[in-house]
Amino acid sequence: MKEKIYNILQKIIEEKKYSLKGNFSVFPSDKKEFGDFSTNVALRIMIPGIQPQTTAEEIAKLIRQSKDMCLFEKIEVRNGFINFFLKNYQYQQIIENILAERDKYGSINAGKNQKILIEFVSANPTGPLTIAHGRQAAYGEALSRILKFAGYQVTKEYYLNDCGRQMDLLGESLKANYYQIKGENFSIPEDGYQGGYLKEIAKMIPEEVNDTSKEFWTHFAEKEILNGIKKDLLDFGISFDSWVRESSLRENGKVEEIIDKLKSKELIYEKENALWFSSTSFGDDKDRVLKKQDGSYTYFAPDIAYHYQKIEKGYNLLVDIWGPDHFGYIPRLKAALKCFGFSEDKLKVIIVQLTTLYRGKEKISMSTRKDQFISLRQLMDEVGSDATKFFYLFRKAESHLDFDLELAKKRTEENPVYYIQYAYVRASHIIKFAQENSLGNNNLLDIDISVLDKDEEKEILKKIAFFPEIIKQISLNLQVSGLAQYLLEVSNMFHSYYQKYRIVTSEDKTISHARIMLVECILRVLSNGLTLLGISLPEKM
RNA sequence: GCGCCUGUAGCUCAAUUGGAUAGAGCGAUGGACUUCGAAUCCAGAGGUUGGAGGUUCAAUUCCUCUCAGGCGCGCCA
C-alpha cells in the first residue's frame, strides 16, 4: 500500500515536473486523525513563493480527480502533510494475508537471497561466558533470525582464538592450580587467570600427569572451558552454523599467504625486527605490527586472513558483533579489507555496549582474570533465559545497559517480557475458548470484516499490518530493539482491547467471528515476533 | 591529549533515521474482577530533550563549541 501511494505521487511529480529537495517519504500515520498513511511530498517540493500547504492541496486535488481515488475514503491536507484514509476493504486484505502466511507472516524478500556472515560471541576460551557475551549472543542470534526472515542467507559463526599469549597464560594458570592442589608451592603468573573455575578443572586432571608439556595444560584447559561455553550457549538458546579456529588458519598457511599478498602490494615493511602493515594508507591512525620481534604473529595477522577468507567464500556482507573494548580495532580491519580492493561497507561492525550489573545500588565490577564476576550462567539461572534475553534486546545495542539483579529478580512479574508473553497466552486461550464453544475455526470467506468498525480494531489492524515494515527497518539499520519495542506496543493494544470489548460471545456471532479472526492475527504476530527474538511461547503462566 | 559511545519525566528506556501536540514501563495518586486468564485495564500528575549557537518550512535527530559519564588509544586478544 505504501508503495502504491508512493507511485501515485511519483507519477504526479513527473507530470507536473516538480523539483524535489531530497527524497519524500510515505509513512504510516502516527495519529488516527492523520489517517492511515501520510506523506511529506509537498514539504519537499520547492516552488519559490508558494507555501507547501498550497502545493499539498493541489496534489491532493489531482489524486481526488484520478481513478486512484477508489483506494481512499478521503484525502486531507494538514500542515503541509497529505493524509490518506483507506477504505475498509484494505483491512480485509491484512487479515487474509496474515492468516494465509501463518508463520511466514512478516517475512520479506529484502535480502534477495544475498549471503551474510554474522560473527558473534567469539569469546576466548579462557573462561566462562560473561554477561557481556550474553548480550552479544542474544543480539547476534536475534539479528540472524530477523535477517533470515528478511530474505538473506545467513550463516552464524564463532571465531575461536585458541592461540597466542592469552592461551599460554591460561595453560600456566591451570598448571599452577594443579600443583597447588597437590600442596606444592606454585604461584599463578602475574597476568594469569585467577578464576575458581580453573581449580575445578585442575581437579579433573588424572593423578599422574605424564605429559607436562606447555600444550598439555593449554589444551586441557581450553577443551573443558569450551565445553562449558557450548553448554551455556545451548541452554541460552544460541546456536552456531560454523566454528572457525584461529589455529587452523595458522596451520594451513593462510596467515603466510595473506602476508605474501600484502608484500606483493608493497604494504609490508620491516622495522625494529618486526613486520609492519602500512594500514595508515587506508585510513588507520597508525601502522600495525603483524609479526612481533619474537617471530610470532599478533592477533591482527590471522584475523586479516580470517576476514579475507570470509569474503573469498562469497559472502556479500560480513557482520561482526563486538564489545566496546574492540572499538579501536575497526579502522585497522577495514584498512586491511580496503587494501585488497573491497569496499569498507562489506564489513559492518556492531558494537554492543557493556552491561553493568548492579545489586541494588552497588555496582559489581568484573574481571575474567580475577575471580570477580557473575557469569552468563548465573544470570540465566537467577533471572531466567527469556527475561534475560529481553532485557538485553530491549534497548539499542550502542546504549549502555544497567542491569539491576535485585530488581530483575524481585519484579519478574512486572517485566515487559512477561507482559508480552501474557498477551500471547491470553490470546491463545481465547482462541481455545472459542473453539470449545464452537465459534472458532471459521471459514474466512464467511467472515464479515466490516463489523470491526471500532477505532481500537482499526488501530490494531494497522499495527499488525506494519510488522513486515519492522522487519524491513531492522534489515537496514540492524537495530533489533525495534522488534521488542514493537511487540510491546502490540501487546499493549491487545490488552486494552480485550478489557474493553467482549470477543467470544454467542449474542452476535458475526461480530464474534470477526473478532476471533482479529485475535488470531494478533497471536500470529506475537508468536512470529517472539520466536525471532528467541523468546519462548508459553502455554500458560 | 586524540577518537568513539551516551546524556530525554524521580528511575530504566523509546521516538518510524529531519516531521505534525516528544512517548512507554517502573515508582507515586485514584479507580475497575459474578462473564473469553486482573501477571490485566482505566484516569489524571510528571519535560527548557545536559547547556549555547548554527543549518531550514520543520531539529531529540544534522554541524560547531561546551559540560558530565563511560570506553578505547599494546609487538594483549
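By convention in this document, chain letters (A, B, ...) are assigned in the order of the sequence lines, proteins followed by strands, and residues within each chain are numbered from 1. The shown structure was predicted, so the numbers you read here are calculated from the model rather than taken from an experiment.
The shortest heavy-atom contact between A:Val504 and A:Ala434 is CG2-CB, 3.9 Å. When every heavy atom of A:Gly283 is checked against every heavy atom of A:Pro331, the shortest pair comes out as O-CB, 4.5 Å.
Using a 4.0 Å heavy-atom criterion, one finds that A:Arg502 contacts the bases of the nucleic acid, with or without backbone contacts as well. No engagement by A:Arg515 is indicated, since no non-hydrogen atom pair under 4.0 Å with the nucleic acid exists. At the heavy-atom level, A:Asp162 lies nowhere under 4.0 Å from the strands shown. Within the 4.0 angstrom heavy-atom criterion, base atoms lie near A:Glu272. No engagement by A:Phe300 is indicated, since no non-hydrogen atom pair under 4.0 Å with the nucleic acid exists.
Residues of residues 465-479 of chain A that place a heavy atom closer than 4.0 Å to RNA chain B, in numerical order, are A:Gln473, A:Asn477, A:Gln479.
OP1 and OP2 of B:rA77 both lie 4.0 Å or more from every side-chain N or O belonging to A:Tyr299.
In the model, A:Asn161 has no side-chain atom that pairs as donor or acceptor with a side-chain atom of A:Gln166 under 3.5 Å.
Residues forming a side chain to side chain contact (heavy atoms under 4.5 Å, CB included) with A:Leu43 (at least two apart in sequence, or on another chain): A:Asn40, A:Pro52, A:Phe81. A search for side chain to side chain donor-acceptor pair (under 3.5 Å) contacts involving A:Lys223 returns nothing, not counting sequence neighbours.
With a 3.5 Å ceiling on both atom-pair distances, the Watson-Crick or G-U wobble partner of B:rC4 is B:rG70.
A distance-only check finds a donor-acceptor pair linking the side chain of A:Ser29 to the backbone of A:Phe37 [under 3.5 Å].
No N or O donor and acceptor, one from the side chain of A:Asp325 and one from the base of B:rG72, sit under 3.5 Å apart.
Checking B:rA20, B:rA14, B:rU16 against the side-chain heavy atoms of A:Arg395 singles out B:rA14 as nearest.
The aromatic ring of A:Tyr419 is not stacked on the base of B:rG25, since the criterion of ring centres less than 5.5 Å apart with planes inclined by under 30° is not met. The aromatic ring of A:Phe81 stacks onto the base of B:rA20, its centre lying under 5.5 Å from the centre of the six-membered base ring with the two planes under 30° apart.
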